[in-house]
Asks: 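Sending over a structure as structure tokens; questions will come in a sec.
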Number of protein chains: 2
Amino acid sequence: MQNFDQSFPMLLNRALDAVMPTYRELFTRYNLTEQQWRVLRVIWTSKNVTSANLSERTLLSPPSLVSIIDRLEKKNLVSRVRSVDDRRRIYVVATAEGRILQAEVTPQVLAIQTRIRNCVSDKEWLAMEKTLQKITEGMQSPEQSLAAKA
Amino acid sequence: MQNFDQSFPMLLNRALDAVMPTYRELFTRYNLTEQQWRVLRVIWTSKNVTSANLSERTLLSPPSLVSIIDRLEKKNLVSRVRSVDDRRRIYVVATAEGRILQAEVTPQVLAIQTRIRNCVSDKEWLAMEKTLQKITEGMQSPEQSLAAKA
DNA sequence: GGTATTTAATTAATACATTAACTATTTCAC
DNA sequence: GTGAAATAGTTAATGTATTAATTAAATACC
């Protein structure tokens, strides 16, 4: 298995390179980055979202989130609200201005996702989800490589 | 299909987040980044590699490659050689020092790849490759979304 | 043979990624 | 209650990512 071009990271990165430009084209029209969108769509669809929550759900690291939220705050799309009961915690909440954007962008993002989904059958898609899941779990648990062949 | 968490980019990013730390742990031991490794392994296994070639084969953009190659050059792992017949072109070639690294790191990278591969069956793996390929191609060709269901 | 167009690599500007360290709270154990 | 340890968010330093613009060399065309 000497083939680096077919390695897991390269396979996934190639696939991402194929789809992300389509997303970016959309986001650019609304002066957003992909990461900014990820933050927005989480706070638009959940309540009481802290930075830690955002990190989990957007897959963005806490240090990255700082500057991303900074910029969203400058654009008046979100604002930081310090928690009263635990003053370490900070909630990131949507602004009214952000809500307008949500209504505009969301359907277009969904259209892209549908377009991607329609590249393959439901069966293929679910199999892929399952395979990725297996690998994710297999690599999470330390070292059990040769066992979990399934 | 309202589920952003199961969107294609998020699925792939989650999988990458699961596997990349294992790679990084290795690369860090040799004072390399993942991107630097990608460049190295291409020039170690091919001849007459230009920046443009590297961009294709590493999936790194030309602007990114500039600083990556700069750093590899500083570490004496590669050197730039301007082409004689086309003076715009620049070959990136491996140094002897780099070759030593190659022998050390390559087997360990292969071990990680094997570990990932062993998380799923051959059948699952091939199905995933095929599915990713379909999506990559489907999104490359502009707009033919609803047609290529397979 | 000189100008316009491409091409290969780079620079510039802004945004994010990663790791380690730091600050302000809070919690826990004694 | 108090000091140690944990937690939430941030800062710092270095290394990419992305887009647009630039430079230098090569090719095309008239």
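Just so it is clear: chains get the letters A, B, ... in the order the sequence lines come, proteins before strands, and each one is counted from 1. What you see is a predicted model; the values in this text were computed from it and never measured.
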Asks: Using a cut-off of strictly less than 4.0 Å, decide whether Arg89(B) has a side-chain nitrogen or oxygen near OP1 or OP2 of dA25(D).
Replies: no
Asks: Apply the test side chain to side chain donor-acceptor pair (under 3.5 Å) to residues Thr50(B) and Asn53(B): give CA-CA distance (whole Å), side-chain angles for both, the deciding distance (0.1 Å), then the verdict.
Replies: CA-CA 5 Å; Thr50(B) 65; Asn53(B) 295 335; 3.2 Å; yes
Asks: Please list residues of residues 68-88 of chain B whose heavy atoms come under 4.0 Å from any atom in DNA chain D, ordered by number; otherwise none.
Replies: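 Ile68(B), Arg71(B), Asp85(B), Asp86(B), Arg87(B), Arg88(B) - these, ordered by number, are the residues of the stretch whose heavy atoms sit under 4.0 Å from the strand.
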Asks: In whole angstrom, give the distance that lies between atom CZ of Arg24(B) and atom P of dT18(C).
Replies: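 Value for this atom pair: 5 Å.
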Asks: From dG9(D), dT10(C), dT16(D), pick the nucleotide closest to the side chain of Thr33(B)?
Replies: dT16(D)
Asks: Please compare Pro63(A) and Glu34(A) by the position of their nearest nucleotide in DNA chain C and report the one closer to 5'.
Replies: Glu34(A)
Asks: What is the separation between atom CG on Leu65(A) and atom P on dA12(D), rounded to the nearest whole Å?
Replies: 18 Å
Asks: Quickly work out the Asn31(A) CG to dT19(D) P distance and round it to whole Å.
Replies: 14 Å
Asks: Would you mind telling me which residue lines up with the more 5' stretch of DNA chain D, Val66(A) or Gln36(B), judged by nearest nucleotide?
Replies: Val66(A)
Asks: When you check the phosphate oxygens OP1 and OP2 of dA17(C), does a side-chain N or O of Gln35(A) lie under 4.0 Å from one of them?
Replies: yes
Asks: Using whole Å, what does the distance between atom P of nucleotide dA17(D) and atom CE of Met20(A) come to?
Replies: 14 Å
Asks: Reckon Leu60(A) touches a base, only the sugar-phosphate, or nothing at all at heavy-atom distances under 4.0 Å?
Replies: sugar-phosphate
Asks: I need the Glu129(A) CD to Leu132(A) CG distance, nearest 0.5 Å.
Replies: 8.0 Å
Asks: Per the ring-ring contact (aromatic ring centres under 6.0 Å, His included) rule, which among Tyr23(A), Phe27(A), Tyr30(A) passes with Trp37(A)?
Replies: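 Running ring-ring contact (aromatic ring centres under 6.0 Å, His included) over Tyr23(A), Phe27(A), Tyr30(A) with Trp37(A) returns exactly one hit, Phe27(A).
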Asks: In whole Å, I'd like the distance from the CG atom of Leu26(B) to the C1' atom of dT19(C).
Replies: 17 Å
Asks: Indicate yes or no for a side-chain donor-acceptor contact from Asn13(A) to the backbone of Pro9(A) under 3.5 Å, with no hydrogens or angles considered.
Replies: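 Looks like yes, one N/O pair under 3.5 Å.
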Asks: For Gln102(B) and Arg99(B), test the side chains for any donor-to-acceptor distance below 3.5 angstrom and give the result as yes or no.
Replies: yes
Asks: Respond yes when some side-chain nitrogen or oxygen of Ser61(A) is under 4.0 Å from OP1 or OP2 of dT19(C), and no when none is.
Replies: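 Checking Ser61(A) against dT19(C): no side-chain N or O falls below 4.0 Å of OP1 or OP2.
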Asks: Within the 4.0 Å heavy-atom criterion, would you say Ser51(B) contacts the bases, only the backbone, or no part of the nucleic acid?
Replies: sugar-phosphate
Asks: Using a cut-off of 4.0 Å on non-hydrogen atoms, how would the nucleic acid contact of Thr50(A) be classed: base, sugar-phosphate, or nothing?
Replies: sugar-phosphate
Asks: Classify the side-chain pair Thr33(A)/Arg71(A) by whether it contains a donor and acceptor separated by less than 3.5 Å.
Replies: no
Asks: Look only at the side chain of Lys134(B) and the backbone of Glu124(A), and say whether a donor-acceptor pair between them is shorter than 3.5 Å.
Replies: no
Asks: Using atom CZ of Arg38(A) as one end and atom C1' of dA17(C) as the other, report the distance to the nearest whole Å.
Replies: 11 Å
Asks: Would you mind reading off the distance between Asp17(A) atom CG and dT18(D) atom C1', rounded to a whole angstrom?
Replies: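 Answer to the nearest Å: 12 Å.
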Asks: Under 3.5 Å, side chain of Ser7(A) to main-chain N/O of Phe4(A), donor-acceptor pair present?
Replies: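 Checking the backbone N and O of Phe4(A) against the side chain of Ser7(A), a donor-acceptor pair under 3.5 Å is found.
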Asks: Need one value for Ser64(B): base, sugar-phosphate or nothing, where a base atom within 4.0 Å counts as base even if backbone is also close, heavy atoms only.
Replies: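 Base contact.
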Asks: Rounded to whole Å, how long is the line connecting atom CG of Leu32(A) with atom C1' of dA15(C)?
Replies: 13 Å
